[in-house]
There are 2 protein chains.
Amino acid sequence: MPERGRPRSFDRAAALRRAMEVFWAKGYEGASLSDLTAAMGINSPSLYAAFGSKEALFLEATDLYTRSEGTDIWSTLKEAPTARLAIEGFLTETARAYSRADRPQGCLIALGALHQDSTQGLICQDLRRRRAENQTALQARLDRAVAEGELPADFDCRAAATFFATVQHGMSIQARDGATHAALMATVAGAMAAWRTMAGANT
Amino acid sequence: MPERGRPRSFDRAAALRRAMEVFWAKGYEGASLSDLTAAMGINSPSLYAAFGSKEALFLEATDLYTRSEGTDIWSTLKEAPTARLAIEGFLTETARAYSRADRPQGCLIALGALHQDSTQGLICQDLRRRRAENQTALQARLDRAVAEGELPADFDCRAAATFFATVQHGMSIQARDGATHAALMATVAGAMAAWRTMAGANT
DNA sequence: TAAATTATGTATCGATCAACACAGAATCGA
DNA sequence: TCGATTCTGTGTTGATCGATACATAATTTA
């Protein structure tokens, strides 16, 4: 019954993916409707009919980003057998994802809208929430390791999660500056050097 | 002889400082001429007469930023007696500078223009150059420590500089997300934990 | 086939963008 | 005092921003 009237003549999911790539490369402000409609292959009335507004399109695009581009990173974090391998895998997957030749460099969540503004308060807030959720996921993995006795009880999971999340954010800027995969891995190595001090050499 | 014709009725240096704060808070794209002229207390023709264009104003503002806001961070790096204290001081000063209540949070150089665009290619390029210079300064300090025998000859100065520069970039995003000074210091502690592994426990 | 419904393309809306034309005002050297 | 020079405020420029009005096309239900 949702099939009444003239059917849509374009692939909504494909158009959303194109929009995601534009937002990813140019940020929310930097992506104009002209950029978006050109990449999506549609005219603006079709965009508004299908997605509602530029804001709503961005929110849907970030959702798609999290579901498609973020899965490797966050599934590695959760499924790795030890906390150390979880953090190392998390950062290694980040280095790989941020330096893919066929994708914009860096992270849409980290770089999409950093300057709060009256016209994009909602966007900023949404990305900020997503970044906070990521940091929470990091901390949850470390908390689990403490609960399972893998890490000492006095391990500061909150501080460590803050640190590793910050490193990941920095890697977005580094990648935007054209850093190679090897350069990003140098940062990963540095972060894992911190791990050895924080968790002890035996973990 | 530069005093001919009607004298300027506003303080050019003070106006530049106001412009710097607007760019710092909103980024290059996000700062409109209305924002700038309102903060500077002048009309747009005065802005163009005194600074040339929005682009030129931004470049002058980043220069002022480097000279005024960046001095503590980079003088600490150069003047600290040991490499370890240099890095620790560099990061500690960063944490302080990025979380000042009377300033925008994070760094103008890191956050001012991350999305390359035809209209702001020059701006992006300039900020990128400045970020590269900062990383070079970090590496130079570490190179010096190796040359002086403070660090082992096989210490990877380039990788370490990449790592600490990346941490600093991440702290800008962290600060933009409202991180307290204490939270930023948790990241500093993480980075210094890496130092202990990289340079050995005795440095 | 007719009525209802939804999508598309063209063309445009008012608002805002960065930048400037122009005339009057304020200082200079002569 | 006077011309030359430079700055200031008002008003406006063409371009672009995000978002729609409107007529037409394409489908479903009756």
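To find a chain, count down the sequence lines: A is the first, B the second, and so on, and within it residues start at 1. It should be emphasised that the depicted structure is a prediction, and the values quoted were computed from it without experimental measurement. What you see below is based on every heavy atom in this structure, not just the backbone, and it leaves out hydrogens, waters and symmetry mates.
A:T162 contributes no side-chain N or O that, together with a main-chain N or O of B:A183, makes up a donor-acceptor pair within less than 3.5 Å.
When side chains are defined from C-beta on, A:R131 does not count as touching A:Q135, because their heavy atoms never get closer than 4.5 Å.
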For nucleotides 15-23 of chain D, read 5' to 3', which letter fits each nucleotide if B means a protein heavy atom sits under 4.0 Å from the base, S means only the sugar-phosphate is that close, and - means neither?
-> --SBBBB--

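For the pair B:S46 and A:G5, nearest-nucleotide mapping onto DNA chain D gives the more 5' position to B:S46.
The nearest pair of heavy atoms linking A:Q105 to A:A175 is CB-O, 3.5 Å. Shown here for B:F164 and B:A191, the closest heavy-atom pair between the two residues is CE2-O, 3.6 Å.
Distance A:F10 CZ to C:dA7 P: 9 Å, rounded to the nearest Å. Here the P atom of nucleotide C:dA7 and the CZ atom of A:R12 are 11 Å apart, to the nearest Å. Rounded to whole Å, the distance from CG on A:N43 to C1' on D:dT24 is 14 Å. Nucleotide D:dG3 holds its P atom 15 Å from the CZ atom of B:R4, rounded to whole Å. Atoms CZ (A:R8) and P (C:dG9) sit 13 Å apart, rounded to a whole Å.
At a cut-off of 3.5 angstrom, the base of D:dA25 holds at least one donor-acceptor pair with the side chain of A:R6.
At most 12 heavy atoms of other shown residues, nucleotides or ligands fall within 6.0 angstrom of atom CZ in A:R158.
Side-chain contact, A:D63 with A:T66: no donor N or O sits under 3.5 Å from an acceptor N or O.
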